[in-house]
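Data block below; observations after.
Every chain is numbered from 1, with letters handed out A, B, ... down the list of sequences. From a predicted model like this one, the values you see are computed outputs, not experimental measurements.
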Amino acid sequence: MSRYNFQETEKKWQAAWTAKDCFAAGTDKSKPKYYVLEMFPYPSGRIHMGHVRNYTMGDVVARYKRARGFNVLHPMGWDAFGLPAENAAISQGVHPAKWTFENIATMRDQLKGMGLSLDWSREIATCHPEYYRHEQRMFLEFLERGLVYRKESWVNWDPVDQTVLANEQVIDGRGWRSGALVEKRKLAQWFFKITDYSDELLTALDSLDRWPAKVRIMQENWIGKSQGARVFFSLAGRSDKLEVFTTRPDTLFGAAFCGISPNHPLAAELAAKDPALAEFIAECNRMGTSEATLEAAEKKGYDTGLKAMHPFVDGWELPLYVANFVLMDYGTGAIFGCPAHDQRDLDFANKYKLPVKPVVCPRDQDAATFKITDTAFTDDGVIVNSDFLNGLDVPGAKAAAVKRLEELGAGQGTTVYRLRDWGVSRQRYWGCPIPVIHCAACGIVPVPKSDLPVKLPEDVTFDKPGNPLEHHPTWKHVDCPACGKPARRETDTFDTFIESSWYFGRFCSPRSDAPVDRSEVDYWLPVDQYIGGIEHAVLHLLYSRFFNRAMKAVGYVGIDEPFAGLFTQGMVCHETYKDAAGNWLLPQDLKKDGSKLVSVKDGGAVTVGRSEKMSKSKKNVVDPSYIIETYGADTARWFIISDSPPERDMEWTEAGVEGAWRFTQRIWRLVDGWMTAHPGLAGLSSLPGGNVPADALALRRTVHKTVAGVTDDIEKFRFNRAVARIYELANALSDVKDAALTDARGLAVRAEALRVLVLLISPAMPHLAEELWARLGQSGLVAETAWPEIDPALVKDESVTVAVQVNGKLRATLELPRDLDKAEAERRALGDANVRRALDGKAPKKVVVVPNRVINVVI
RNA sequence: GCGGGCGUGGCGAAAUCGGUAGACGCACGAGACUUAAAAUCUCGAGUCCCUCAAGGACGUGCCGGUUCGAGCCCGGCCGCCCGCACCA
């Protein structure tokens, strides 16, 4: 018996697919289309298991949809701008472009080795001027339409590296690379007006019914719509007013203090004359700016000595603090604190001995005795201690308070969003240049569209800290397009999220002279099935939703939502290993010594740690190429979809890979064995008419039920269940005796079973499927063969197993005809020996009959 | 802190309509084949009681509730994970 040789076979069929151009998206726009897209990779060097999982899932869907008759677009490209290329330039002295394109070449080869059904003719790399010139053009068009503006904003500044740092690059207040104390700086930057679409981006989430609820909730929270009021507090001894935002105007009579953000302009003004305050602000800024940090941190404040005047009560003065938990970027950067009904305010008040006056009383409490000590009361109740608001409920009091504020000119009802505009300026080299020119006379002048693209200069150095575009001797010096005098190019580049905000549109017409070809995007968009990591739940997906709307506003596309269906996959995890000295070890650096694991290098003991997301830093990585070379792409693909539900984290194990490997061999032996024992099977592709004997009918039922189940599972992304059903089918086929089903009809039924088996495994194991298809004597490629049809009559069994319970406990199972009359089912259940014994002579009080499922006898 | 999710055998899991808990796979055990091993094939298996069988009790993180019936619904706990604005 021959053995399946994946090394030759996988290459052979990959070549066959390429030769016939099987996976190019079709041009016939009368066919129903299906656009399946996996999040394109950053070319970091080599593919990792997360890619394998992502692209296998996409490929299963793409191959399945093709077999179902769809015109499938399944493209691939490279998210090729980004910081790692610059880090490589700094540490290895290699140019970012060279590093990036070499990585792309390596990873392209690796992806091809996986046998993915991609349309490689549409490949794009976002760092190519042929790609980024279009976003420069769109930027200018957005600018004309008022969707882009410039303003100053705070950044984390590393004074040694002379660069802006992401929050995650700030560790304990220091730059991750330089170790220098990070400063807050204000920088003029470009912003996209995503907030123009706040409400629309929020409302439209309801229409995304094929998105995970989790992602929609995350976006909803991110946008963070809240209704409330702006309140203007007069400041004693000053002419300006303090503008505060609150969602709880109903609790104004419970106010104990006002607080402003350390970054509030008033705080800066006061700090200029108060060194202690300046030091307090500096301390706050060292702590980091993320909401999580702020809200978990101890509440601290600095009493400015200023007094804010209560808007409703003449002469009521509230102390004004600079408070570390007040965010400058949300609302107005200033709050009033009502300790009784906000936990943060209560913590703050308790620390600074401020009064805690309840103004909302729970309905089951007595207002006279109701006290707040450690836990704020934030639910609805009756308003008390609040003058004209007394007796109202919370919503009523909010409305009444806003009305009074507006009458007094002391405030107004308002809606605020947590969503902030999208800052797109980056002080980096390896990104798309922002196409504007700064002229001393004319101000900001857009680069004329005829001068696009503004290409990155290639001759740059990374030996100095800061942005290489700043250091370049000539690049930034240009003449002003408006007045002709010497001027200066913008040296900032775009956030790389811009590239990924429209690449799915570019794939529809990747060589078009325009950003997108309208007739192509009108056909292909939206993406029917988008697949990627949950880590992109908010930023990438929200930016893309915004960018698509901006493109619609300037006429490039006609739809609002770019991704009709979204699936977020779980991570690939692996056990972690440490040697005796506490160093992380690669899985391949271990060997088995008896029942223990030891280090290959020195034979020392190895500690096995918990399974965690594969990461280079913990060395718990397995190289996909190693797996593909050792076991083949089909084995890797099969294993990665077989064990865990795709949305959940999965654990990569050697044993699991081995199991998948054995299955490929088993399928091969099964088909090969049948073909050897029954040469008449070759080339059979239809069933003769007439009655089918019972054993053949049973096999056909199994086959057709499997097709129905697997089809349903793939449609619903339950790949692990589809795999289990295919195992069951394989088990059933293995049980067929050699001597059975040997007449013409029997052979035809056998041939049908084998064809179905091969077609069902083909989305996940395409190479093996092609090889077996040929072995079956079938013509053409599986890649071009339709999905098997189901005979509905074979999917429903004639009899069903019904559980019989007595008082809810299982006492017997009965084999009953499907849809048997309820009374008859009850009669048979009561006649069963086990049931009678359980009844113990007692008469049933009631019998619940659920047809085809369960009968419960209650005594 | 706020928001969301998860918790089922030794392990990954299935049961997604409130109706036989543990399909399928991994690991394990016994046997067959073999000089032997690997590979392969057959059989077994939630835990406990019972010599075996028949049968029974218990069992889906914990405590309670609703129901003829709860892994699934409700309330309260416990534990773990994820997100919270310049990594991509």
Side-chain angles (χ1 to χ4, degrees), chain A residues 1 3 39 41-42 44 79 81-84 87 155-156 163-170 176 189 212-215 217-218 220-222 224 289-297 299 325 329 343-344 347 418-420 422-428 495-497 500 533-540 542 570-571 639 642-645 647-651 653-660 662-663 665-666 669 716 718 720-721 723-728 730-731 734 801-814 834 837 844-848 850 852-859:
Chain A
M1 187 179 282
R3 196 172 154 94
M39 291 179 182
Y42 179 78
S44 55
D79 188 15
F81 273 138
L83 210 46
N87 290 337
V155 295
N156 299 312
T163 186
V164 174
L165 299 175
N167 278 336
E168 71 152 28
Q169 292 173 327
V170 181
W176 66 301
Q189 311 209 64
K214 175 185 174 127
V215 174
I217 289 165
M218 283 167 80
E220 192 182 319
N221 292 338
W222 191 266
T289 53
S290 77
E291 276 185 34
T293 315
L294 293 186
E295 299 215 22
K299 309 293 173 275
F325 61 95
D329 290 316
Q343 191 62 44
R344 292 169 304 186
D347 294 344
R418 181 174 167 275
L419 182 68
R420 307 204 289 261
W422 176 13
V424 295
S425 298
R426 296 291 182 273
Q427 296 67 39
R428 320 235 193 260
D495 178 5
T496 57
F497 273 121
S500 53
I534 187 72
E535 65 272 24
H536 293 293
V538 177
L539 292 187
H540 162 55
L542 191 64
M571 297 180 297
F639 172 55
S642 56
D643 268 3
S644 301
E647 70 280 5
R648 216 181 283 181
D649 288 353
M650 68 164 292
E651 185 165 5
T653 61
E654 187 73 9
V657 183
E658 294 272 354
R662 281 200 299 270
F663 186 65
Q665 296 295 331
R666 188 176 154 213
R669 278 196 312 274
K716 292 177 175 151
R718 297 188 296 214
N720 56 319
R721 284 226 324 207
V723 165
R725 286 185 209 278
I726 292 171
Y727 272 108
E728 283 175 316
N731 291 344
S734 300
T801 309
V802 174
V804 185
Q805 303 172 333
V806 176
N807 280 350
K809 294 199 180 198
L810 182 72
R811 296 300 173 194
T813 57
L814 293 179
N834 281 334
R837 183 152 28 103
K845 271 191 217 150
K846 175 170 155 187
V847 180
V848 182
V850 183
N852 302 325
R853 287 217 180 249
V854 81
I855 298 165
N856 191 10
V857 182
V858 187
I859 54 174

When we call it a touch if two heavy atoms are under 4.0 Å apart, what does [X] touch: a base, just sugar-phosphate, or nothing?
X        : value
A:Ser642 : nothing
A:Asp79  : sugar-phosphate
A:Ile534 : nothing
A:Phe325 : nothing

Can you tell me how far [atom1] in [N] sits from the matching atom in [M], rounded to whole Å?
N     : M     : atom1 : result
B:A70 : B:A15 : C1'   : 13 Å
B:C28 : B:A21 : P     : 30 Å
B:U66 : B:G75 : P     : 15 Å
B:G7  : B:U60 : C1'   : 9 Å
B:G65 : B:A14 : P     : 30 Å
B:A32 : B:C24 : C1'   : 25 Å
B:G5  : B:C58 : P     : 33 Å
B:C72 : B:G61 : P     : 8 Å

Rounded to the Å, how far apart are [X] [atom1] and [N] [atom2]?
X        : N     : atom1 : atom2 : result
A:Asn852 : B:U20 : CG    : P     : 13 Å
A:Gln805 : B:G19 : CD    : P     : 11 Å
A:Glu535 : B:C84 : CD    : P     : 11 Å
A:Arg837 : B:A54 : CZ    : P     : 11 Å
A:Met650 : B:G25 : CE    : C1'   : 12 Å
A:Lys716 : B:U16 : NZ    : P     : 11 Å
A:Asn221 : B:G5  : CG    : P     : 11 Å
A:Asp649 : B:C80 : CG    : C1'   : 12 Å

With a 3.5 Å limit on both atom pairs, tell me what [N] is paired to, counting Watson-Crick and G-U wobble, or say none.
N     : answer
B:C80 : B:G5
B:A15 : none
B:G55 : B:C49
B:A21 : none
B:A38 : none
B:C73 : B:G65

Distance, nearest 0.5 Å, that separates [atom1] of [X] from [atom2] of [Y]:
X        : Y        : atom1 : atom2 : answer
A:Arg811 : A:Ile855 : CZ    : CD1   : 15.5 Å
A:Asn852 : A:Thr801 : CG    : OG1   : 10.5 Å
A:Thr496 : A:Tyr42  : OG1   : OH    : 8.5 Å

Give the nucleotide from the list [options] with an atom nearest to the side chain of [X].
X        : options             : answer
A:Lys809 : B:A23, B:G83, B:A57 : B:A57
A:Asn834 : B:G55, B:C68, B:G56 : B:G55
A:Arg669 : B:C41, B:G25, B:A23 : B:C41
A:Pro645 : B:U20, B:A13, B:C24 : B:A13
A:Val854 : B:C41, B:G19, B:U20 : B:G19
A:Ile217 : B:G3, B:G12, B:U40  : B:G3
A:Asn856 : B:A27, B:G55, B:G69 : B:G69
A:Arg718 : B:U40, B:A23, B:U16 : B:U16

Closest-nucleotide 5' rank along RNA chain B - winner of A:His536 and A:Arg853: A:Arg853
Nearest-nucleotide 5' precedence on RNA chain B, A:Trp222 against A:Gln343: A:Gln343
Which heavy-atom pair separates [X] from [Y] by the least distance, and what is that distance?
X        : Y        : result
A:Phe663 : A:Ala730 : CE1-CB, 4.0 Å
A:Met39  : A:Gly533 : SD-N, 3.7 Å
A:Tyr727 : A:Gly659 : OH-O, 4.2 Å
A:Ala812 : A:Asn834 : CB-CB, 4.2 Å
A:Asn720 : A:Ser642 : CB-O, 3.3 Å
A:Asn807 : A:Val858 : OD1-CA, 3.4 Å

Donor-acceptor pair present, A:Arg418 side chain and B:A85 base, under 3.5 Å: yes
Assigned glycosidic conformation for B:G9 [threshold 90° from 0]: syn
With a 4.0 Å limit, can you tell me whether [X] has a side-chain N or O closer than that to the phosphate oxygens OP1/OP2 of [N]?
X        : N     : value
A:Asn720 : B:A14 : yes
A:Arg662 : B:C26 : yes
A:Asn731 : B:G25 : yes

